[in-house]
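Lettering follows sequence order; numbering is per chain, from 1.
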2 protein chains.
Amino acid sequence: MVENQGSGARRRLTRAESRARTRQLLLDAAADVFAEKGYTGASVEEIADRAGYSIGAVYSNFEGKQQLFLELLSTRAESRIADAAQVLKDSEDAPGFRSGLGRLLTDTADQDIEFESLHAEFWLYAVRNPEAMAMLASRLQEARTGLEQLLEESLSERGESAAKPVHPLATIVFALFHGLVQQRRIDPESVPEDLFDQALSWLFAGWRADRF
Amino acid sequence: MVENQGSGARRRLTRAESRARTRQLLLDAAADVFAEKGYTGASVEEIADRAGYSIGAVYSNFEGKQQLFLELLSTRAESRIADAAQVLKDSEDAPGFRSGLGRLLTDTADQDIEFESLHAEFWLYAVRNPEAMAMLASRLQEARTGLEQLLEESLSERGESAAKPVHPLATIVFALFHGLVQQRRIDPESVPEDLFDQALSWLFAGWRADRF
DNA sequence: GTCTATAAACAGATAGAC
DNA sequence: GTCTATCTGTTTATAGAC
């Protein structure tokens, strides 16, 4: 007796898969609520509600609120930047590199408004809970490394590689990105769309001139 | 009958002054606790305790937790940067300007560790409570204006003023400052002491070259 | 003006039904 | 594996003593 499990185009929900789906829905909902209310302000009940489950479902899939947050921290911190950088790498050529980053800035500040809030929550949590700091540090380093590779490729296409390490440049670009996104959220007029490109243009020019 | 009020070097505590002193102690304690625990995580009781008062003292001097926080937001946001910039202005000449900012960065990240946490709390609060956004925006603008003046004076001493507006430069320096401080708190090795100076050097060089 | 005591609401986490 | 009910602790804010 196979029951109606193999019938139809549907059917594919192992217990493990069903559990994984629940976990995913809870994690998505948690990201939303943590971004909106902050770690302390977010309630487990609201996370569960928004995912379409009850409180019990959260505690049967995660140890608790803290572990749920840490799982997001370890898997989602900076992921948008890494992804977006990859998109830029695939879709743009060297001259479009900077304007691509400029668009990334305005998109992050104006459209994906949860990103920077969640980033700030991760940062504050790590600052207050040293045991989570190494985790965030390694995620940030991953993102910076991705950006470094992008920069190196972009520069090598222009025949100006190998002379200086781009490492500090990547760190600077990264810091500038977050700083400008934050400022644009508070006072959009003070951070016009092309300011990031402008800054990168000056920065790169000065960096190149410093090779001699 | 004057009572023993005019006697001794002490005695100077009008009710108004005594009240002002209590308010000040509560505000100082509040800044500490909000920085350590966050807006939601900070309890009125802990603020009162740390100031040496009880819960009732808070509610007799402020409308509540929210107004206490908003008073800090409206008076202390970015004040350290404005103050520090003024110190730099008074104590340093043009060539020392950049290294002065570099020291400000490491001090802010390593010594006055409450500053950036409180800044992040202000930012998150404003992002989540639009009625407070204009207040933070104006405080940020004040700080940026102060930095602008510093830049203009520093540049005019080198005879290269008036050609271009420094406004965008001030915004960039500001964003970079916060971005690097945040990154240094998480991963100090990725933000060496002279990175900020290095970045400013490249940025200014590129900016100058862009005049033509 | 500040304190103590308390009210009223809400949180994270657990136990047991299904 | 998920839900309902509940336990326990904590929170903001207020009322009334002093």
**Message:** Using side chain to side chain donor-acceptor pair (under 3.5 Å), reason through A:H178 and A:E116 one step at a time and then give a plain yes or no.
**Reply:** CA-CA 8 Å; A:H178 279 292; A:E116 196 64 25; 3.0 Å; yes

**Prompt:** Taking protein heavy atoms under 4.0 Å as touching, what does nucleotides 1-17 of chain C look like 5' to 3' if B marks base contact, S marks sugar-phosphate-only contact and - marks none?
**Reply:** -BBB------SSBB---

**Prompt:** If we only count heavy atoms from C-beta on, is the B:I186 to A:V127 side-chain gap below 4.5 Å?
**Reply:** yes

**Asked** Quick one: does B:Q183's side chain get under 4.5 Å of A:R144's, heavy atoms only?
**Response** yes

**Asked** Under the 6.0 Å and 45° cation-pi test, does A:K65 pair with A:Y39?
**Response** yes

**Asked** In whole angstroms, how far is the C1' atom of D:dT14 from the CZ atom of B:F62?
**Response** 18 Å

**Complete:** So the side-chain hydrogen bond (donor to acceptor under 3.5 Å, both in side chains) pairs with at least one residue in residues 120-139 of chain B (sequence neighbours excluded) are A:E121-B:R128, A:R128-B:E121, B:Q66-B:Y125, B:R139-B:E142

